[in-house]
Amino acid sequence: MNTEKKTILVTGGMGYIGSHTTVALIEQGFDVVIVDNLSNSSSFILERIQQISGVLPKFYQVDCCDKAALEKVFIQENSIVASIHFAALKAVGESVEKPMLYYKNNLVSLMNIIELQLQYEIPKLVFSSSCTVYGEPDFLPVTEKSEIKPATSPYGNTKQIGEEIILDISRNSPLQAIALRYFNPVGAHASALIGELPNGTPNNLVPYITQTAIGKQPYLRVFGNDYNTPDGTCIRDYIHVVDVAAAHVAALNRLLIIPERPQFEFFNIGTGNGNTVLEVIHAFENATGVKLPYQIYPRRDGDIEKVYANTDLSNNVLGWKSNLNIEQMMASAWAWEQKLSTIK
Ligand code: NAD
Ligand code: UDP
């Protein structure tokens, strides 16, 4: 029996989804090499990964836009069999202010990774995409065949262009790729040792909820209650980050094990359920017993009214399914926020 472990290059592996995926990969018997420039993460995450998994992954503090530095990783780590490319900047508002930063960081890093993977003949890639590619959908739930709508921010555009770059290159080279279109990843690892580390005041709903509950924010602003939804607030498909991490292991196994596949595939990664903002608040209160102060505010510019996933393809083709419900998402996010407040 071949017992040699397969090594996976995880760019952005110190970040929110990357750290949870690293833990899942180690638990499934992979070796992990992390590349991260720590632009949106902290070095203490590495020891946390070790605490959870019992393994300290190799870590290179390298910017994926620096091709020469990235190539040194490929030269040194000659047992890599595939990569998962998380490294990207992700703040929608900041991308509107600094489009050049976003296009350069997110697209140059992707092109460098692909070029080096082709050069070193390890052409299997999992790419972090997003449900933002569907914009405001005409039909719900959205399937992978739903129309791709013009991006409403430079960040969203980097995901659309990223998918197009992969598609074009895969048509003309050995590149084999899977793009995972995440819906709204939330929650934290059950150990509460890793989770989301928002930079400054959070823009996203769940970190804002937990920061309000712990007293860092006075109250939650609910952006709009006059949408065409059951309670008037927007609907999203919230998915536990631990389930998102498991989807990457499934995608990787598909790339490594199944020989007959299209060269480029994409999958929705959501639960298939939509929840309104008020439902999320109530789920948080139920799961934690903490009452959340909130006020209704005007709509936030650029918000989509409702979006949630059809997950048939990821369930049937990837063999992956979400397991954790909205209360579990809220309870784990709360445990992480409480733990954070003891170390910050
Ligand atoms: P994150 O910011 O927590 O993690 C990204 C990591 O990449 C960070 O550790 C950061 O330091 C690193 N990084 C950024 N640019 C880099 C570069 N040039 N070189 C090396 N490292 C770099 O974000 P996340 O929430 O874990 O998101 C991971 C991926 O998933 C991103 O591509 C993001 O766009 C995508 N995504 C996230 C969400 C979400 O809601 N979190 C939704 C859809 C898609
Ligand atoms: N939201 C809110 N208050 C906040 C942050 C978000 O009411 O402080 C709402 C937002 O309007 C949207 C939903 O929560 O309807 C999810 O927002 P988030 O930014 O987390 O995700 P995205 O809009 O990118 O899907």
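As the structure lists them, so they are numbered: ligands from 1, and atoms in each ligand from 1. These values consider heavy atoms only, across backbone and side chains, with no hydrogens, waters or symmetry-generated copies.
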Check whether more than 12 heavy atoms from other residues, nucleotides or ligands sit under 6.0 Å from atom [atom1] of [X], and answer yes or no.
{"X": "Asp301", "atom1": "CG", "value": "no"}
{"X": "Lys67", "atom1": "NZ", "value": "yes"}
{"X": "Lys149", "atom1": "NZ", "value": "yes"}

- Task: Compile the protein residues with any heavy atom at a distance under 4.0 Å from an atom of ligand 2; present them by chain, then by number.
- Result: Asn184, Asn203, Asn204, Leu205, Tyr208, Leu220, Arg221, Val222, Phe223, Cys234, Arg236, Tyr238, Val277, Arg300, Asp303

Indicate yes or no for a side-chain donor-acceptor contact from [X] to the backbone of [Y] under 3.5 Å, with no hydrogens or angles considered.
{"X": "Asn106", "Y": "Leu89", "result": "yes"}
{"X": "Asn105", "Y": "Ala88", "result": "no"}
{"X": "Asn225", "Y": "Gly232", "result": "no"}
{"X": "Arg181", "Y": "Gly270", "result": "no"}
{"X": "Asp36", "Y": "Met14", "result": "yes"}

Check whether any heavy atom of [X] sits under 4.0 Å from an atom of ligand 1.
{"X": "Thr11", "result": "no"}
{"X": "Leu197", "result": "no"}
{"X": "Ser129", "result": "yes"}
{"X": "Lys159", "result": "yes"}

Under a 4.0 angstrom heavy-atom cut-off, which atoms of ligand 1 come close to [X]?
{"X": "Val62", "answer": "19 (N), 20 (C)"}
{"X": "Leu38", "answer": "11 (O)"}
{"X": "Pro185", "answer": "39 (C), 40 (O), 42 (C)"}
{"X": "Cys64", "answer": "17 (C), 18 (N), 19 (N), 20 (C)"}
{"X": "Ser39", "answer": "10 (C), 11 (O), 13 (N), 14 (C), 15 (N)"}
{"X": "Asp63", "answer": "17 (C), 18 (N), 19 (N)"}
{"X": "Tyr155", "answer": "33 (C), 34 (O), 35 (C), 36 (N), 44 (C)"}
{"X": "Ser41", "answer": "8 (C), 9 (O), 11 (O)"}

Tell me: protein heavy atom nearest [atom], and distance?
{"atom": "atom 31 (C) of ligand 1", "value": "Phe86 O, 3.1 Å"}
{"atom": "atom 2 (O) of ligand 1", "value": "Asn40 ND2, 2.7 Å"}
{"atom": "atom 5 (C) of ligand 1", "value": "Ala88 O, 3.9 Å"}
{"atom": "atom 8 (C) of ligand 1", "value": "Asp36 OD2, 3.5 Å"}

Can you tell which of [options] gets a heavy atom nearest to [atom]?
{"atom": "atom 25 (O) of ligand 1", "options": "Gln61, Met14, Lys90, His20", "value": "Lys90"}
{"atom": "atom 38 (C) of ligand 1", "options": "Tyr182, Tyr238, Tyr16", "value": "Tyr182"}
{"atom": "atom 22 (C) of ligand 1", "options": "Asn105, Asn37, Asn106", "value": "Asn37"}
{"atom": "atom 27 (O) of ligand 1", "options": "Ile17, Val10, Val241", "value": "Ile17"}

- Message: Tell me whether Lys58 is salt-bridged to Asp31, with the criterion being a basic N under 4.0 Å from an acidic carboxylate O.
- Response: no

- Salt bridge Lys72-Asp66, side-chain N to carboxylate O under 4.0 Å: no

- Query: Is it the side chain, the backbone, both or neither of Cys131 that has a heavy atom closer than 4.0 Å to ligand 1?
  - Reply: neither

- Task: Anything under 30° is parallel, anything over 60° is perpendicular, the rest tilted; go ahead and classify Phe223 against Tyr297.
- Result: perpendicular

[X]-[Y] co-clustered via ILVMFWY side chain contacts under 4.5 Å:
{"X": "Leu175", "Y": "Ile178", "answer": "no"}
{"X": "Tyr60", "Y": "Ile80", "answer": "yes"}
{"X": "Ile161", "Y": "Met111", "answer": "yes"}

Distance (rounded to the nearest 0.5 Å) between [X] [atom1] and [Y] [atom2]:
{"X": "Ile8", "Y": "Gln28", "atom1": "CD1", "atom2": "CD", "result": "12.0 Å"}
{"X": "Phe127", "Y": "Ile114", "atom1": "CZ", "atom2": "CD1", "result": "8.0 Å"}
{"X": "Thr276", "Y": "Leu278", "atom1": "OG1", "atom2": "CG", "result": "5.0 Å"}

Should [X] be counted as touching ligand 1, given the test is an N or O pair under 3.5 Å?
{"X": "Gly15", "answer": "yes"}
{"X": "Ser109", "answer": "no"}
{"X": "Cys65", "answer": "no"}

- Residue pairs fulfilling side-chain hydrogen bond (donor to acceptor under 3.5 Å, both in side chains) with at least one residue in residues 121-131, sequence neighbours excluded: Lys124-Gln176, Ser128-Tyr182, Ser129-Glu163, Ser130-Thr132

